[in-house]
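Within every chain, numbering begins at 1; the chains are lettered A, B, ... in the order of the sequence lines, protein sequences first and strands thereafter.
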Amino acid sequence: MIRTQLSAKPMQATYNPKLIEAEVQQRWTQTRQFQASELAGQEKYYCLSMLPYPSGALHIGHVRNYSIGDVISRYQRMQGKNVLQPMGWDAFGLPAENAAIKHGVPPAKWTRENIAQMRAQLQQLGFALDWSREFATCDPDYYRWEQLMFTRLMKQGLVYNKLAEVNWDPVDQTVLANEQVVEGRGWRSGALVERREIPQWFLKITAYADELLDGLDDLPDWPDAVKIMQRNWIGRSHGAEIRFQVADSDTMLEVYSTRPDTLYGATYMAVAAQHPLAVQAAADNADIAAFIEQCQRSGTAQADLDRAEKLGIDSGFKAVHPLTGKPIPIWIANFVLMSYGTGAVMSVPAHDERDHAFASKYGLPIVPVIQPPAELELPADVAYTGSGTLINSAEFDGLSSDQAKLAMVQRLAEQGLGQASTQYRLRDWGVSRQRYWGCPIPVIYCQHCGAVPVPEDQLPVLLPEDVAFSGVTSPLKSDPAWRQTQCPQCGKPAERETDTFDTFMESSWYYARYCCPGAQDMVDERADYWLPVNQYIGGIEHAIMHLLYFRFYHKLLRDFGMVHSDEPATRLLCQGMVVAETYFRKQPDGSTVWFGPTEVEVSSNSAGDRVAVLLADGAPVQIGATEKMSKSRNNGVNPQDLVERYGADTVRLFVLFAAPPDQSLEWSDSGVEGAWRFLRRIWSGIHQHLQVGAPAALEHSALTPAQRDLRRKLHDTIAKVSDDIERRYTFNTAIAALMELSNQLQRFDDASPQGLAVAREAWSALVQMLHPVTPHLCTHLWPQLGGHGDIEHAGWPQVDEQARVRDAITVVVQVNGKVRGKLELAPGLDQAATLAAAQADQNVQRHLQGVSIRKIIHVPDKLLNLVVG
RNA sequence: GCCGGGGUGGCGGAACUGGUAGACGCGCUGGAUUCAAAAUCCAGUUUUGGAAACAAAGUGAGGGUUCGAUUCCCUCCCCCGGCACCA
């Protein structure tokens with residue numbers, strides 16, 4: 001018999017995770033257990049968890065994400081697959097700049113120290129990661145390829161520059177992220193934020209809108225919620241472009257509408273404050289000028305704009321209705337955005353809620369043109385937004401909405417005033433950020449040649465790392481030596497682009513780079529072995545933006561011939577967030593300081609309200625919303641304390657057991673004790689089992705009923721756990737099933753040779769099934785139970801269907817839908833036999849007295865419902 | 001505001017395809033063990049009535065479909081995520 005290093009030692013009576021976890025992890029490192037290579041003869045399985053932002057310390061949300069990935073990876077490995085599970089760092093981004101401001105540490109140094117700390121924490125948790133492929137997105141050897149890609153996209157015409165709005169802090173003279181705008185004010189200065197237009201780079205994701213939308217149909221193993229959200233985000237709609245002439249002028253006002261059938265109901269137009277007509281109107285009208293200025297005074301966040309009061313002012317201009325020829329007023333409105341479509345809309349207050357509210361407020365006419373179906377009863381003074389029959393629409397009266405849409409578009413086309421059009425809600429991807437800690441955008445501005453991509457042989461454009469960072473101006477912008485260069489085309493002095501990329505750029509292609517560490521191009525042929533990703537796992541908060549950019553980038557890589565599939569990941573699991581309460585104090589300067597859950601104590605006051613005090617000074621802090629754990633809210637729970645107290649296996653087991661992965665989890669560590677007790681019971685149960693003696697060979701025909709019961713439980717459990725892990729992703733119910741098996745196994749007290757054989761089969765399978773969840777413990781126990789070799793390569797327990805056959809099943813008897821009895825019956829009984837058994841039951845008899853059975857519903861082997869009266 | 005998800009015992013959750021509501025775990029109560037405590041083990045634990053058998057109510061609120069609804073439909077309330085510069 002081959003004895004492994006671990007089995008040579010006698011088993012200790014008590015479970016000591018510290019000892020065995022360190023020992024097992026050391027062995028994994030020595031044998032490079034999880035280093036993956038491209039093995040042609042073996043089926044590959046690429047399991048990828050979203051890469052973390054190195055915020056400084058792992059929080060429970062990370063543990064949840066990576067524990068899920070690790071269970072799937074280890075399960076697939078036990079199924080015989082060649083598994084790749086890599087890890088890296090999404091290392092650029094705002095928090096490093098914030099830390100630099102707060103603590104005076106250069107972002108690069110802060111980031112790299114955080115990475116070292118978090119890597120150590122991940123290793124302590126025992127995830128089966130291939131560390132040989134690790135990288136940080138701030139490594140020049142990573143971002144150089146992203147710069148190369150961008151210059152290639154420029155040459156392909158998939159990149160362009162245009163003016164776009166940003167949040168401008170007029171006091172700090174800096175651009176703010178939406179997150180840095182709090183109630184309309186700059187988070188540090190407290191100044192009212194303004195919208196300001198600056199030139200920015202865009203990627204033409206809209207060129208792929210149709211493919212991104214239609215491709216969702218080819219992703220059966222992505223959650224519906226994600227696909228629906230992406231569909232709505234892309235927002236393909238079919239409608240018409242309609243041109244309204246501005247009265248007494250040659251100017252045409254072009255609008256897009258999905259409801260050309262309501263054209264006769266258009267009683268006014270609305271244009272954005274930045275629209276040329278608005279600017280023109282403001283030139284000789286102080287009120288309009290003041291209104292336009294007022295419109296500038298808000299941030300750019302869409303949610304805030306939607307919630308803001310809808311305001312407008314008459315521009316004084318009139319538009320000519322394209323079909324009636326009548327003049328209608330043109331208003332300037334704060335809810336129309338220049339960056340959307342044409343910056344102008346036609347308003348049909350009778351059939352659009354927002355237009356209705358606006359028209360009511362400003363006394364604009366409301367003309368109904370769609371008659372709702374007769375059976376619909378509608379409250380008065382409300383917009384009817386459905387379809388119906390046309391009225392008040394001249395010769396179009398009587399047509400249905402659908403017919404009218406076609407007819408109106410045809411008429412407009414004949415008159416040269418419009419045509420059918422398909423539009424998308426999706427906007428091109430703005431990738432410019434006015435920040436220091438990001439990937440430099442590889443563009444040189446030349447007075448003669450314009451914006452020129454940095455030639456490939458001059459890449460990467462390195463980000464200087466040893467800088468002093470004040471937080472107001474980017475070191476790139478303030479360093480003339482870095483900025484100044486020569487134009488690659490004409491050789492004359494020129495300036496570098498000082499903006500950096502949106503960090504979504506880095507996280508859009510990292511999955512491909514993991515496949516080919518050290519490749520001398522963006523990716524190489526090894527990507528063809530590993531891609532697409534078999535299982536992608538990450539937070540539901542990434543359902544739209546990251547996952548859309550990720551899909552988009554894959555299509556770009558495909559069109560450059562670098563990958564050969566249409567979608568980056570075939571299966572997706574979105575875990576719910578781990579959320580926790582937040583605690584804060586407002587500073588006199590208007591800023592907010594956030595405190596972590598370990599820094600405060602929460603209790604109830606005499607009025608029964610929850611109050612919190614800061615432990616450090618005993619003074620109260622405010623209790624904020626319950627939100628996802630984040631650096632900015634400081635509400636992350638560090639798993640380190642739990643790992644030190646209970647070991648990694650207990651922590652992994654508990655986060656998986658606490659809730660199904662797709663549900664959000666409000667953090668509380670009560671219950672960790674239960675996970676810990678369970679592992680201790682497994683340990684002591686096996687210890688006792690080994691003490692009793694050696695098991696005989698299993699003889700199926702010689703088993704007692706109790707022995708058969710245990711085997712049935714075991715094989716039911718194998719079937720359930722396999723299904724829960726592989727198909728349902730409900731690790732919580734898989735663990736519950738293993739607990740049930742363990743409970744029955746501990747009660748099974750049978751020292752006979754066959755009893756020990758059945759117990760040994762069950763303990764061994766239990767340890768195998770638990771291995772993906774608590775790998776250290778199971779790796780250690782496997783050889784004790786006589787398992788050969790690595791548990792990773794021992795396969796997955798097989799279901800013995802014979803063992804699952806039952807000779808009796810519970811059938812529920814209902815009378816009028818209420819449970820009145822439970823019968824233990826042989827399987828496969830027909831309705832008559834089941835009814836006979838039910839009528840023999842005393843309690844059922846009681847409920848059948850004095851009534852007659854009117855109807856019988858029989859679900860074989862499950863239920864008998866007697867409808868009586 | 002718009003899009004997506006959720007709401008079940010004291011708590012986390014289970015019930016997978018319309019068929020036993022509350023698996024599993026935490027907590028709590030009682031008991032065993034102990035000089036004592038911790039740990040461990042055993043029993044109980046949705047609410048109400050009852051010694052029990054059993055009965056009634058019960059899955060955010062209200063309504064509907066059905067022999068039967070946590071599950072399907074409608075209206076509403078609350079919570080969470082996203083909304084294009086947090087990642």
Would you mind pulling out the nucleotide paired to B/U75, Watson-Crick or G-U wobble, both distances under 3.5 Å?
-> B/A61
G-U wobble or Watson-Crick pairing nucleotide for B/G49 (cut-off 3.5 Å, both distances) |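 Paired with B/C54.
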If you check the [X] side chain, which of [options] turns out closest?
X: A/E541; options: B/A55, B/G82, B/G4; value: B/G82
X: A/K862; options: B/A57, B/G4, B/G19; value: B/G19
X: A/N178; options: B/C67, B/A84, B/A14; value: B/A84
X: A/A225; options: B/G5, B/A87, B/C83; value: B/G5
X: A/R680; options: B/U40, B/C83, B/A87; value: B/U40
X: A/M545; options: B/C83, B/A14, B/A23; value: B/C83
X: A/N232; options: B/G4, B/C16, B/A14; value: B/G4
X: A/L863; options: B/C24, B/C83, B/G19; value: B/G19
X: A/A659; options: B/G19, B/G13, B/C24; value: B/G13
X: A/N843; options: B/A55, B/A84, B/G19; value: B/A55

Nearest-Å distance, [atom1] ([X]) to [atom2] ([N])?
X: A/F657; N: B/G12; atom1: CZ; atom2: C1'; answer: 8 Å
X: A/K855; N: B/G68; atom1: NZ; atom2: C1'; answer: 10 Å
X: A/F678; N: B/G12; atom1: CZ; atom2: P; answer: 22 Å
X: A/L311; N: B/G1; atom1: CG; atom2: C1'; answer: 15 Å
X: A/D861; N: B/U20; atom1: CG; atom2: P; answer: 14 Å
X: A/Y646; N: B/G25; atom1: OH; atom2: C1'; answer: 14 Å
X: A/D306; N: B/C2; atom1: CG; atom2: C1'; answer: 6 Å

Less than 6.0 angstrom separating the ring centers of [X] and [Y], yes or no?
X: A/Y536; Y: A/Y511; value: no
X: A/F335; Y: A/F358; value: yes
X: A/W89; Y: A/Y510; value: no
X: A/F92; Y: A/Y143; value: yes

Is a donor-acceptor contact shorter than 3.5 angstrom present between the side chain of [X] and the base of [N]?
X: A/Q200; N: B/C85; answer: yes
X: A/R727; N: B/C16; answer: yes
X: A/E666; N: B/C80; answer: no

Between [N] and [M], how far is it from one [atom1] atom to the other, in whole Å?
N: B/U20; M: B/A15; atom1: C1'; value: 10 Å
N: B/A53; M: B/C16; atom1: P; value: 28 Å
N: B/G58; M: B/A69; atom1: P; value: 11 Å

5'-most by nearest nucleotide on RNA chain B - A/G817 or A/L94 | A/G817
When the nearest nucleotide of RNA chain B is assigned to A/V226 and to A/S668 on a heavy-atom basis, which residue is associated with the more 5' position?
->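 It is A/V226, whose closest nucleotide lies nearer the 5' terminus.
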State, yes or no, whether a side-chain contact exists between A/L866 and A/H847 at a heavy-atom distance under 4.5 Å.
->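 The answer is no, as the side chains (C-beta and beyond) never meet within the 4.5 Å cut-off.
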Report yes if some heavy atom in the side chain of A/N178 is under 4.5 Å from a heavy atom in the side chain of A/N167; otherwise report no.
->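 The answer is yes, as the side chains (C-beta and beyond) meet within the 4.5 Å cut-off.
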Any side-chain N or O of [X] below 4.0 angstrom from OP1/OP2 of [N]?
X: A/K822; N: B/U20; result: no
X: A/R427; N: B/A84; result: no
X: A/H847; N: B/A55; result: yes
X: A/Q814; N: B/C67; result: no
X: A/R820; N: B/C54; result: no
X: A/S670; N: B/C26; result: no
X: A/R307; N: B/C83; result: no
X: A/R677; N: B/G27; result: yes
X: A/N732; N: B/A23; result: no

For B/G68, is chi within 90° of 0 (syn) or not (anti)?
->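 Here B/G68 takes the anti form, which means its glycosidic angle is more than 90° from 0.
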Lys/Arg-Asp/Glu bridge criterion (N-O < 4.0 Å) met for A/D169, A/R185 | no
Ion pair present between A/R433 and A/D502, side-chain N to carboxylate O less than 4.0 angstrom?
->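 Counted as a salt bridge, because a side-chain N and a carboxylate O are separated by less than 4.0 Å.
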[X] near the nucleic acid: base, sugar-phosphate alone, or nothing, with a heavy-atom cut-off under 4.0 Å?
X: A/M229; result: base
X: A/N743; result: sugar-phosphate
X: A/R425; result: base

